[in-house]
Amino acid sequence: QKEVEQNSGPLSVPEGAIASLNCTYSDRGSQSFFWYRQYSGKSPELIMSIYSNGDKEDGRFTAQLNKASQYVSLLIRDSQPSDSATYLCAVNPVGGGYQKVTFGTGTKLQVIP
Amino acid sequence: GAVVSQHPSRVICKSGTSVKIECRSLDFQATTMFWYRQFPKQSLMLMATSNEGSKATYEQGVEKDKFLINHASLTLSTLTVTSAHPEDSSFYICSARDIAGGLGELFFGEGSRLTVL
């Protein structure tokens, strides 16, 4: 079982719709969770961090965390063509600190104008 | 967010030469930096974890004598690709973690695209 799993996609949504990106993780003790956006040919960019169960909203983005189900998701409201990118889910292990963050393989999102 | 600067952004070199890539945390101190490699349309692959003042920890399958990592200060880590060959052509990305706290987020440099002729 992979430590962090994401559907590779592509996930296609029409402009203006809500895009829902999902991620599951295997380490029950994981402490914090991140979503990164990576445009083709560019490096990843942090867009959301979350560590408590529930929802965290930032503009059009909402991160949702359910530690009991070991599930984290990212909702993008009013999707725009500029949101088309690969979204990486990342998990900070138990203890955090100097340990490496584990990344999923990413979900490619396509927003259709 | 925190800023990580990576240089050079692009480099073209001849086979057999060595190339150095620098990664700097500009507005925070980073005890730990990470180096990744990414081939076209593939996932990030962690190459090594760089700890300030100590030897880097390499992932399985990554040749430590070929990919030399030095983390001499809390704001600078370097990756040297020694005796580069065409198969080393890739997108190399560094990331850094702020030791001051937060949730342990990683901040990425802009990446360095290496082409070995």
Side-chain angles (χ1 to χ4, degrees), chain A residues 2-10 23 25 27 29-53 56 58-59 61 63 65 67 72 85-108 110, chain B residues 1-7 9-10 21 23 28-54 56-60 62 71 74 90-113:
Chain A
K2 291 182 181 177
E3 294 177 58
V4 179
E5 292 208 47
Q6 295 181 257
N7 189 316
S8 61
C23 172
Y25 59 94
D27 186 346
S30 298
Q31 295 190 334
S32 48
F33 309 84
F34 315 109
W35 283 99
Y36 289 84
R37 177 176 61 198
Q38 186 176 23
Y39 292 113
S40 181
K42 303 293 185 182
S43 65
E45 171 191 13
L46 179 67
I47 54 173
M48 290 288 286
S49 305
I50 188 168
Y51 67 95
S52 296
N53 277 327
K56 180 182 178 183
D58 184 0
F61 298 100
L65 176 60
K67 289 186 178 180
V72 58
T86 296
Y87 289 80
L88 303 172
C89 172
V91 176
N92 217 18
V94 175
Y98 305 128
Q99 296 187 54
K100 58 188 179 184
V101 170
T102 302
F103 285 84
T105 53
T107 298
K108 185 174 183 178
Q110 295 177 338
Chain B
V3 179
V4 176
S5 176
Q6 194 173 335
H7 178 82
S9 58
R10 288 182 181 273
I21 300 169
C23 179
F28 67 98
Q29 292 184 322
T31 304
T32 304
M33 292 185 175
F34 302 90
W35 287 95
Y36 298 84
R37 180 166 56 181
Q38 189 173 39
F39 293 106
K41 300 189 185 302
Q42 293 191 20
S43 307
L44 286 176
M45 187 191 82
L46 179 65
M47 298 175 67
T49 302
S50 167
N51 296 300
E52 186 266 338
S54 65
T57 303
Y58 290 82
E59 295 299 302
Q60 191 172 7
V62 177
H71 193 154
L74 288 173
S90 188
F91 190 43
Y92 292 88
I93 315 172
C94 72
S95 69
R97 173 182 277 149
D98 188 345
I99 64 172
L103 299 180
E105 302 97 328
L106 294 184
F107 299 97
F108 284 86
E110 306 95 325
S112 299
R113 193 165 302 282

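Residue numbers begin at 1 in each chain, while the letters A, B, ... track the order of the sequences. Only heavy atoms go into these numbers, but all of them, side chains included; no hydrogens, no water, no symmetry mates. Keep in mind it's a predicted model, so treat the numbers as computed, not measured.
In this structure, the portions of L106(B) lying under 4.5 Å from any heavy atom of chain A include both its backbone and its side chain. Contact of I50(A) with chain B is made through the backbone alone, with heavy-atom distances under 4.5 Å. Neither the backbone nor the side chain of Q6(B) comes within contact range of chain A; no heavy atoms are under 4.5 Å apart. With a 4.5 angstrom heavy-atom cutoff, E45(A) does not touch chain B via any of its atoms. At a 4.5 Å heavy-atom cutoff, the contact between Y36(A) and chain B is made by side-chain atoms alone.
For the set G106(A), S49(A), P44(A), the count of heavy-atom pairs under 4.5 angstrom toward chain B peaks at P44(A).
Residues satisfying the side chain to side chain donor-acceptor pair (under 3.5 Å) test with E59(B), not counting sequence neighbours, are K100(A). In this structure, T102(A) has no side chain to side chain donor-acceptor pair (under 3.5 Å) partners at least two apart in sequence or on a different chain.
Looking at every heavy atom in both residues, G41(A) comes nearest to F91(B) through O-CZ, 3.8 Å. Closest of all the heavy-atom pairs between V101(A) and Y36(B) is O-OH, 4.5 Å.
The environment of NZ in K67(A) is crowded: more than 12 heavy-atom neighbours from other residues, nucleotides or ligands sit within 6.0 Å. In the displayed structure, Y51(A) atom OH is contacted under 6.0 Å by at most 12 heavy atoms of other residues, nucleotides or ligands.
Between E105(B) atom CD and N92(A) atom CG the span is 8.5 Å, to the nearest 0.5 Å.
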